[in-house]
Asker: 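One structure is given below, represented as structure tokens, and several questions about it will come after.
Sequence lines set the chain letters: A, B, ... in the order given, protein chains first and strands last, and positions in each chain run from 1. Note that the structure is a prediction, hence the values are computed from the model and not measured.
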Protein chains: 2
Amino acid sequence: MPYLKKVIPAPEPVDCRILTAALDLFVNKGFHNVSVHDVQKQAEVSIGSIYNHFGGKEGIAKALYEHLLLEMQDLVDCAINDKTTAVERCNEIISQLFHYTETHRNIISYIFHPRHNEFITDEPPICNSAPFVTIRDAIQQGIDSGEIRACNLWVAASAIYGAPIRMIHLRLDNVIEEPLPNLLDEVLESVWQGMLAEEAGIHSEKKLSLA
Amino acid sequence: MPYLKKVIPAPEPVDCRILTAALDLFVNKGFHNVSVHDVQKQAEVSIGSIYNHFGGKEGIAKALYEHLLLEMQDLVDCAINDKTTAVERCNEIISQLFHYTETHRNIISYIFHPRHNEFITDEPPICNSAPFVTIRDAIQQGIDSGEIRACNLWVAASAIYGAPIRMIHLRLDNVIEEPLPNLLDEVLESVWQGMLAEEAGIHSEKKLSLA
DNA sequence: GTCTATATCCAGATAGAC
DNA sequence: GTCTATCTGGATATAGAC
């Protein structure tokens, strides 16, 4: 019955179903509050399959992590290739992250989960992984070219990405109720121009009080 | 032998020993990787005492959380009382948090642990707790008085505290190797003045490319 | 490769003496 | 209030049929 092949959708491959179910459960209940049985039920596979494919719960978490880091790397590479200046590149990356937060909530939530090494053993901090290194490289180039204020690289990276990342966390916690892309322009403005009110003459005066 | 009273240090009260041990273990191994027996051993008390005092592992976590939030509230209140302008208040709070990160690492690590509701049930997000509300109130006053750029309150809060909080996380992960107070001035400068290089005439041009 | 049934272990919690 | 010994549930992981 060859026609059926077109009518009945091809079932997702087993390992993909497992990863999808695990991502959903890990993000919403927390890794340690999810049992292999939970994953098994939601993915509609047997326990045996899970152990065959991934060797256990931590194996799933690790495979997920590596897979999603690759996706993140793609996102960053695209942003870098499409733009030329450091400011434009950072803005594009932040814009993409904001969109992803709305459309791929689970992915962002898993990647930006702060303590991967609580459940993936021997994992280096995520900010040393490839996509995050690429991001810092772009910032360093911006500093070298004089586009970005000269300062400690960690300070620069935090100053540029700290506010957006904070907002992503707040959005994931449902504390911010507005979709992040709506707030993009305001955030970028504050990142590059700072938070002081732009009243004439106020700048030099305020600058003194910073010390 | 009354003299001994002065020579032998009074033992810390039991519940204090339990909380101290739990904080250390939770922060360094992760809540779910710590058993009640681990706490029992490190605190040198019996399991029975733990259940008597706190009712269980989650009870410890909750008591710790509430205790440390009170400390945080003190820190914020002092900063607010000592200063008058919104900028000064924010700077003082950030400065105190940076110092705490160096001197009370475990406390900061526990408070800034992003997912308390993974182990404390029915806990509202920490940014709705008293000290964080106080912080946002201070920002709102700064906006109302014209001191801080008028924008969405969440954007303002993230723009001001996002970078410092990001740096605290990086420092807790041992990614930043320098003590945070050394980087304070640079961070505050970027928060208030933004990250664009301050070349003459560049501002208006760059501003266009932000859109 | 996939499944079910089962073994093993350990964490959380309790009982009851002191 | 504090302790030790014990119970119980549930999670990881495996064995072995298909």
Asker: From NZ of Lys57(B) over to C1' of dC10(C), roughly how many Å is that when rounded to an integer?
Answerer: 12 Å
Asker: According to a strict under-4.0 Å criterion, is His53(B) in side-chain N/O contact with OP1 or OP2 of dT2(D)?
Answerer: yes
Asker: Here's a test for you: under side-chain contact (heavy atoms from CB on, under 4.5 Å), which of Val191(A), Ile168(A), Ile93(A) qualifies with Tyr161(A)?
Answerer: Ile93(A)
Asker: His37(A) NE2 to dC3(C) C1': how many Å, rounded?
Answerer: 13 Å
Asker: To the nearest angstrom, how far is Leu25(A) atom CG from dA11(D) atom C1'?
Answerer: 15 Å
Asker: Aromatic rings Phe31(A) and Phe119(A): how do their planes relate, parallel, tilted or perpendicular, breaks at 30° and 60°?
Answerer: parallel
Asker: Taking only N and O in the side chain of His32(B), is any of them less than 4.0 Å away from OP1 or OP2 of dA11(C)?
Answerer: no
Asker: Taking for each residue the nucleotide of DNA chain D bearing the nearest heavy atom, is the 5' side occupied by Asp38(A) or by Glu44(B)?
Answerer: Glu44(B)
Asker: Strictly below 4.0 Å: does Ser49(A) bring a side-chain N or O up to OP1 or OP2 of dC3(C)?
Answerer: yes
Asker: Using whole Å, what does the distance between atom P of nucleotide dA15(D) and atom OH of Tyr51(A) come to?
Answerer: 13 Å
Asker: What class does the angle between the rings of His32(B) and His32(A) fall in, given that below 30° is parallel, 30 to 60° is tilted and above 60° is perpendicular?
Answerer: parallel
Asker: Between Ser46(B) and Gln40(B), is any side-chain donor less than 3.5 angstrom from a side-chain acceptor?
Answerer: no
Asker: Taking atom P of dA15(C) as reference, at what distance in whole Å does atom CG of Asn52(B) sit?
Answerer: 12 Å
